[in-house]
Amino acid sequence: MVEPEERPSVAGKRLGAPESMGISTLEPGQRPPTMPPGRQVSIRVQMLDDTQEVFEVSQRAPGKVLFDLVCAHLNLIEGDYFGLEFQDQHKMTVWLDLLKPILKQIRRPKNTILRFVVKFFPPDHTQLLEELTRYLFALQIKHDLACGDLTCNESSAALLVSHIVQSEIGDFEEVQCKQHLLNNKYIPEQDALMDKIIEYHQKHVGQTPAESDYQLLEIARRLEMYGVRLHPAKDREGTKLSLTVAHSGVLVFQGHTKINAFNWSKVRKLSFKRKRFLIKLRPDLNSNCQDTLEFMMGSRDCCKVFWKICVEYHAFFRLFEEPKPKPKPVLFTRGSSFRFSGRTQRQVIDYVKDSEFKKVPFERSPQHSESPSAGQVMVNGQKQSLSLGQSPDGRQPSPLTSPLLTDAGFVRTDDEDEVRRKRFPADKAYFIAKELLTTERTYLKDLEVITVSFQKSVGKDEAMPDSLRNLIFANFEPVYKFHETFLKDVDQRLAQWEGRSNAHIKGDYQRVGDVMLKNIQGLKLLTAHLQKHSEALLELEQTCRSSRRLEGLCRDFELQKVCYLPLNIFFLRPLHRLMHYKQILERLCKHYPPTHDDFRDSRAFALTALADISEMVVQLHGTLIRMENFQKLLELKKDLTGVDNLAIPGREFIRLGCLSRLSGKGLQQRMFFLFSDVLMYTSRGMTASNQFKMHGQLPLYGMTIHESEDEWGVPHSFTLFGQRQSVVVAASSASEMEKWLEDIKMAIELADKYNDSSAEILSSSFTDSKSPEESNADQESEDDLSASRTSLERQTPHRGNTTVHVCWHRNTSMSMVDFSVALENQLSGNLLRKFKNSNGWQKLWVVFTNFSLFFYKTHQDEFPLASLPLLGYSITIPSESENIHKDYVFKLHFKSHVYYFRSESEYTFERWMEVIRSTTCSSSHIRSLSRKEPHVY
């Protein structure tokens, strides 16, 4: 045995550390499985960096033991994406079965080398949460390029190689780059592409190895041959084809061209019989395709190998949890007992996010060296001369071994967890930056509602004039593309901050002010587009008035799941987002004290960005106020019948809500709408549309108010005296009464400043020819409402979950200030939810906006699974008697409805409490007047 010497890995090196067994990927937080008794055998495993490791396992051990040892040795938390492959006795490349004994699969272990490679390729590399995992994927891409498995055009190949070179040697230096490319061959036709590779490499200055890996995977995942492992086959006509399996289903290739794809949702069953591989499809009434497809493969073993990997791919990407083992038959067996073993992708993602093992710091060296020579293997990082099957005496860290675990054990102790929490990430600025990331994801999805969904459903119809089409999409698409880049910048900075690159060690990336400054300066260039959004909303409304077809298309689009808010709100999203940026920057500036390590640079960036965004807010403030009011009038119009044109010039919405009207039949619940010129009252129609039918209107000009609780003997009642009629109403509580009185008095004062011409305008805004006096108590019974069809010739579909309906059912009211706050105080992120009588917590992506919580499985979902309107709800902290023994939990309750939500940190807990409280506590119109002053923002 020769003297061991240190050797860096091919593309990088982990920090050195004493030997550690790491953390088992299949047994989270536990020691690797206890080795079964019996004679030990040595198994050689070739890693993705071409080093070889020798592992000692019992001859009775199942494959899971060896795989766990490899992942534990690397401290690889996301090990489930990988597998061990080898050549069996028939020279076929197969995967090591984790449930079967190793020696029943590998007959001659001394002569067999297993390869640790990527097994499951996700469609999006951002689903890989650890930098180490992405680094290993990058090594796999590098290997596939070199051996010709990953084919692409010359431009893509040169770009891929340039990122690999940047990762290995750093910034471009011409002599070094050329010499490096001469010494290392990454693609078969590398010499012909040398100049193009060098050209691309020059553009990567300043890019870290982690960033290079990220870009490498971003390019590779878009290639048709990404993650493809071809299995030769023939169709019924004898045409040579290849089958492969991907996250989406089974694919058919001819050469290196994909000619067909069978999505998992269309596949009913996969099976094989001798050399025939069968795909049974679900019946499709719209297709003439046969329901069973047959392919001939080389042998039964070839069929079985491909069938197994299909079963595993389907389970890993489609199931929520590992399938349960089938019960053993009593007498006879039928079919294969093979099943997927391990965590599914969903379980892996949830485990990594929920566990304490957060983004293992990872440092590499740019040095490059050749692979180990023949007869030498890397035994835990030591170069050894070994004969086949020889075991090493000593074990040292491999280039990929984690330095974070101590010699003493396999699992972090409580003390180590406490140190880890204190060290990273403890800075409040990190959570502020994370809020920027999560809300930006939601914002980009909201922009897609206009730029993608609305354009696809409505924008291409001939009912939409070209001028309107250009006005909307020509001014939204540049904004969408800009924020698409902004989101990538923020996501990449958070990845660096969380320790997925070595930049966090220097502290260069533990800030976000510089990213915001750069992008806000770019956003200022889009001010002209932002100003056009209000014009687009106005033009759309006017066109809908004159085109019943376009109006119907917009109404149908609002019924789609992707349009989870009123369509008009999405037109205001870019203006609201400016407010969000300003709020985030203000919190960031307040966070940095003069003693903070990053005070000077970080606060300077944040303050400059804050000044820039404040300038934009002041510039667009007036537009936002007008458009919020206009949008609200358009939204209310859909809930009202009996009003021809609610959005008349000069009218401002102030408050809506429930009051009880006193008539000859007693107190009857009515929905009141207070505007700057009139108070309207309605009741809910017993129709398919659930619209509210207009009963009367009281012009505010000349109106007086008299508190009349003593006079009528009705608590919280007051009388409104108009020029033509008077109405006695009662609020549900003293606080509700105070809000209504305050807003009505303020509205009367404003109306008195103008002449009484507004009354003439009002009378013409109703389609009902009857005078207001004729719309009194004798015509307000619910029986009459059920027969009324005024203005319902084109009935809108059911609108039972709008803010108006929620206020009606929960007998409450909301002001325009509340609506504005609800739109401007948005929040997104992962929360754990628990029902009152349930035991477990469910992880959900939650979006708070427009008085509601919207629930998704992940932030990538196109539409919410459910929503929870919060009007009337109270938010508190659980009491001791509720036995919620968790940190950062808040409670939402309304009558008997109780929900618990758990956040990840103190900062996010406080933010959720803050934004929800801001909309569960109604405000008066006095605050709305101050909103018209730009300094409020």
Side-chain angles (χ1 to χ4, degrees), residues 20-48 53-88 93-107 109 112-120 132-133 136 304-305 308-317 319 321-328 336-348 350-352 355 357 380 398 400-402 405 410-411:
S20 167
M21 296 305 292
I23 300 296
S24 166
T25 183
L26 298 181
E27 301 278 346
Q30 304 295 326
R31 290 173 177 265
T34 303
M35 196 70 66
R39 184 172 60 89
Q40 302 285 301
V41 294
S42 299
I43 305 291
R44 286 193 297 166
V45 178
Q46 182 167 316
M47 301 299 184
L48 279 163
E53 298 285 343
V54 178
F55 295 91
E56 297 285 340
V57 297
S58 167
Q59 60 181 357
R60 302 179 185 177
K64 179 177 181 291
V65 171
L66 175 61
F67 184 72
D68 271 5
L69 285 174
V70 175
C71 292
H73 175 69
L74 301 176
N75 197 34
L76 180 59
I77 298 173
E78 297 174 294
D80 303 80
Y81 289 100
F82 301 84
L84 293 169
E85 66 177 13
F86 64 97
Q87 281 196 336
D88 63 7
T93 300
V94 297
W95 294 101
L96 183 71
D97 192 321
L98 301 184
L99 299 181
K100 290 184 178 180
I102 297 173
L103 293 190
K104 284 192 176 182
Q105 303 178 66
I106 305 174
R107 300 301 172 89
T112 302
I113 299 177
L114 285 80
R115 296 177 61 239
F116 181 79
V117 295
V118 176
K119 186 174 185 178
F120 300 111
L132 172 58
T133 312
L136 294 174
K304 187 172 184 179
V305 167
K308 280 186 173 182
I309 188 61
C310 287
V311 170
E312 292 183 309
Y313 251 83
H314 177 268
F316 184 75
F317 286 108
L319 301 186
E321 59 184 20
E322 178 183 355
K324 299 293 186 292
K326 296 179 181 178
K328 292 184 178 180
S336 174
S337 62
F338 176 78
R339 67 179 177 89
F340 170 72
S341 174
R343 295 178 297 196
T344 65
Q345 186 191 33
R346 175 60 58 85
Q347 289 177 309
V348 174
D350 289 346
Y351 167 67
V352 176
S355 69
F357 313 121
N380 292 344
S398 99
L400 295 178
T401 302
S402 167
L405 301 180
F410 307 105
V411 184

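Nothing here was measured: the structure is a model prediction, and the numbers come from that model.
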Undergrad: Roughly how far, to the nearest 0.5 Å, is the CG atom of Leu84 from the CG atom of Leu98?
TA: 8.0 Å
Undergrad: If you measure from CD on Glu53 to CG on Leu69, what distance do you get to the nearest 0.5 Å?
TA: 11.5 Å
Undergrad: To the closest 0.5 Å, what do you measure between NZ (Lys104) and CZ (Arg60)?
TA: 11.5 Å
Undergrad: Please round to the nearest 0.5 Å and tell me the distance separating atom NZ of Lys304 and atom CD1 of Ile309.
TA: 14.5 Å
Undergrad: Can you see which heavy atom on Leu103 is nearest to which on Gln59, and at what distance?
TA: CD1-CB, 3.3 Å
Undergrad: Taking only residues two or more places apart in sequence, or in another chain, which ones meet Lys100 in a side chain to side chain contact (heavy atoms under 4.5 Å, CB included)?
TA: Asp97, Gln105, Lys308
Undergrad: Quick one: does Val70's side chain get under 4.5 Å of Leu114's, heavy atoms only?
TA: no
Undergrad: CG/Asp88 to CG/Leu96 distance, rounded to the nearest 0.5 angstrom?
TA: 12.0 Å
Undergrad: Who passes side chain to side chain contact (heavy atoms under 4.5 Å, CB included) against Thr344, sequence neighbours left out?
TA: Leu319, Phe340, Arg346, Gln347
Undergrad: List in chain and number order the residues that pass side-chain hydrogen bond (donor to acceptor under 3.5 Å, both in side chains) with Gln87, two or more places apart in sequence or in another chain; answer none if no residue qualifies.
TA: none
Undergrad: With Val305, which residues qualify under side chain to side chain contact (heavy atoms under 4.5 Å, CB included), at least two apart?
TA: Met92, Val94, His231
Undergrad: Would you indicate whether the side-chain heavy atoms of Leu76 and Leu132 approach each other to under 4.5 Å?
TA: yes
Undergrad: Listed by chain and number, what are the ring-ring contact (aromatic ring centres under 6.0 Å, His included) partners of Phe120, not counting sequence neighbours?
TA: Tyr313, Phe316
Undergrad: To the closest 0.5 Å, what do you measure between CZ (Phe86) and OG1 (Thr93)?
TA: 9.5 Å
Undergrad: Please name all residues satisfying ring-ring contact (aromatic ring centres under 6.0 Å, His included) with Phe82, sequence neighbours left out, ordered by chain then number.
TA: Phe116, Phe137
Undergrad: Taking all non-hydrogen atoms of both residues into account, name the closest pair between Cys71 and Gly79 and its distance.
TA: SG-CA, 4.0 Å
Undergrad: If you compare all heavy atoms of Val118 against all heavy atoms of Leu136, which two are closest, and at what distance to 0.1 Å?
TA: CG2-O, 4.5 Å
Undergrad: Start with the C-alpha distance between Ser58 and Arg39, add both sets of side-chain angles, then the distance that settles side chain to side chain contact (heavy atoms under 4.5 Å, CB included), and finish with yes or no.
TA: CA-CA 6 Å; Ser58 167; Arg39 184 172 60 89; over 6 Å; no
